[in-house]
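Everything below concerns the one structure shown next.
Residue indices begin at 1 and follow the sequence shown.
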Amino acid sequence: MALREIRIEGDPILYKKCREITEVTDRTRELAQDMIETMHDADGVGLAGPQVGILRRIVVIDVGEGPIVFINPKIVATDGEQFGSEGCLSIPGKYGMVRRPEYVKAEALDLDMKPFTIEGHGLLARAMCHEFDHLDGHLYTEKVEGRLHDYDEADYEE
Ligand code: NI
């Protein structure tokens, strides 16, 4: 396992749409482990492929209940609304207020390419929205209401 370099706002790779993963290889497994290690090392709650320079639809999230790897994730249902602060490892030292659904149901594949369904409220719902947006080249700053703030204590600091 190894830490990967986190790409920072302005890097063109963060604004591109990622391709689906069609096969899990040893390299994919190594990437997932490296992403988990990199996320934990940076005290983040989530990390998406393009943030480590990989234009593939892979995300890792850990809201404190252990890491989850998502391959080719899709949001299939949302409900409610939450309005809270959000940050991103690719935009260090900043946060902004973002509206997200309070509940998210998603489908994805695991590292055995087996489909699974996951439901999340609150932080997990916010993390899924934020991370899956990265796979389509979108950053949370597009959705910020008001201005970006210097980091203090964001509710969601990736
Ligand atoms: Ni992010």
Side-chain angles (χ1 to χ4, degrees), residues 1-63 67-78 84-101 104-113 115-118 120 123-149 151 154 156-158:
M1 292 203 294
L3 295 180
R4 306 252 178 154
E5 183 196 343
I6 297 175
R7 304 300 181 96
I8 300 301
E9 189 183 22
D11 187 320
I13 206 160
L14 290 174
Y15 308 92
K16 293 183 172 156
K17 191 173 164 72
C18 297
R19 284 189 294 160
E20 294 217 327
I21 289 176
T22 54
E23 182 191 14
V24 169
T25 63
D26 287 347
R27 279 185 65 187
T28 319
R29 291 174 189 280
E30 190 183 338
L31 169 65
Q33 284 308 312
D34 287 355
M35 287 174 66
I36 290 167
E37 194 180 345
T38 303
M39 167 181 71
H40 285 153
D41 179 71
D43 286 328
V45 170
L47 196 65
Q51 292 185 278
V52 292
I54 305 292
L55 283 172
R56 292 289 183 169
R57 303 187 82 80
I58 182 168
V59 158
V60 298
I61 289 174
D62 188 346
V63 293
I68 307 165
V69 178
F70 299 78
I71 291 171
N72 303 340
K74 280 188 181 65
I75 290 175
V76 295
T78 63
S85 55
E86 201 165 307
C88 179
L89 291 176
S90 293
I91 309 169
K94 302 284 184 188
Y95 74 91
M97 299 301 288
V98 182
R99 212 170 291 278
R100 300 284 193 185
V104 168
K105 181 180 182 181
E107 293 175 354
L109 303 174
D110 66 16
L111 282 172
D112 296 316
M113 293 296 268
F116 69 94
T117 301
I118 184 167
L123 184 61
L124 179 55
R126 183 177 290 280
M128 288 195 278
C129 293
H130 177 115
E131 300 307 331
F132 300 169
D133 275 355
H134 272 296
L135 303 180
D136 290 315
H138 295 297
L139 301 181
Y140 81 93
T141 45
E142 298 169 32
K143 296 190 166 80
V144 163
E145 298 184 28
R147 63 176 183 86
L148 277 188
H149 302 270
Y151 180 70
Y156 177 70
E157 173 66 18
E158 175 198 80

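The CD1 atom of I36 sits 13.5 Å away from the CG atom of D41 when rounded to the nearest 0.5 Å. I61 CD1 to M35 CE: the interatomic distance, rounded to the nearest 0.5 Å, is 10.0 Å. Here NZ of K94 is found 6.5 Å from CG of L148. Values are rounded to the nearest 0.5 Å. Interatomic distance, E131 CD to L47 CG, rounded to the nearest 0.5 Å: 6.5 Å. Here the straight-line distance linking atom CD1 of I71 with atom OG1 of T22 works out to 10.5 Å at 0.5 Å rounding.
Side chain of Y15 to main chain of E9: no donor-acceptor pair is present (N/O by atom type, distance under 3.5 Å, no hydrogens or angles).
Side-chain atoms of V98 and R126, non-hydrogen and from C-beta on, do get closer than 4.5 Å to each other. Contact of the L139 side chain with the H134 side chain is registered, since non-hydrogen atoms from C-beta on lie closer than 4.5 Å. Proximity of T38 to V60: side-chain heavy atoms (C-beta onward) are nowhere separated by under 4.5 Å. Within the 4.5 Å cutoff, side-chain heavy atoms of R57 are placed close to those of K17. With a 4.5 Å cut-off on side-chain heavy atoms, R56 and L31 do not count as touching. Side chains of T28 and I21 form a contact here, defined as non-hydrogen atoms less than 4.5 Å apart. Two residues are said to be in side-chain contact when any heavy atoms from C-beta on lie closer than 4.5 Å; H138 and F132 fail this criterion. Put simply, the side chain of I118 reaches to within 4.5 Å of the side chain of M128, judged on heavy atoms.
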| Should D133 and K143 be marked as a side chain to side chain contact (heavy atoms under 4.5 Å, CB included) after you check the CA-CA gap, both sets of side-chain angles, and the distance that decides it? | CA-CA 11 Å; D133 275 355; K143 296 190 166 80; 2.8 Å; yes
| said: Run the side chain to side chain contact (heavy atoms under 4.5 Å, CB included) test on R19 and L55 for me, step by step, so that the C-alpha distance in whole Å, both residues' side-chain angles and the decisive distance to 0.1 Å come before the verdict. | reply: CA-CA 6 Å; R19 284 189 294 160; L55 283 172; over 6 Å; no
| When you look at Q51 and C88, which way does the side chain to side chain contact (heavy atoms under 4.5 Å, CB included) test go after all the steps? | CA-CA 10 Å; Q51 292 185 278; C88 179; 3.6 Å; yes
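Summarising the geometry of G120 relative to A125, their closest heavy-atom pair is O-CB, 3.4 Å, with the distance given to 0.1 Å. Considering all non-hydrogen atoms of both residues, V104 and T78 come closest at CG2-CG2, 4.2 Å. The shortest non-hydrogen separation linking L135 to A48 is CD2-CB, 4.2 Å. Closest heavy-atom contact between I75 and C129: CD1-SG, 4.2 Å. What you find for A32 and I58 is that their closest heavy atoms are CB-CD1, 4.1 Å. Closest of all the heavy-atom pairs between V63 and A127 is CG1-CB, 4.5 Å.
Remark: E20 pairs with K74 by the salt bridge (charged side-chain N to carboxylate O under 4.0 Å, His left out) rule, at least two apart or across chains. In this view, F116 and F70 satisfy the ring-ring contact (aromatic ring centres under 6.0 Å, His included) rule, not counting sequence neighbours. Residues meeting the side chain to side chain donor-acceptor pair (under 3.5 Å) test with D112, sequence neighbours left out: R29.
Taking 4.0 Å as the cut-off between side-chain N and carboxylate O, E86 and R100 count as a salt-bridged pair.
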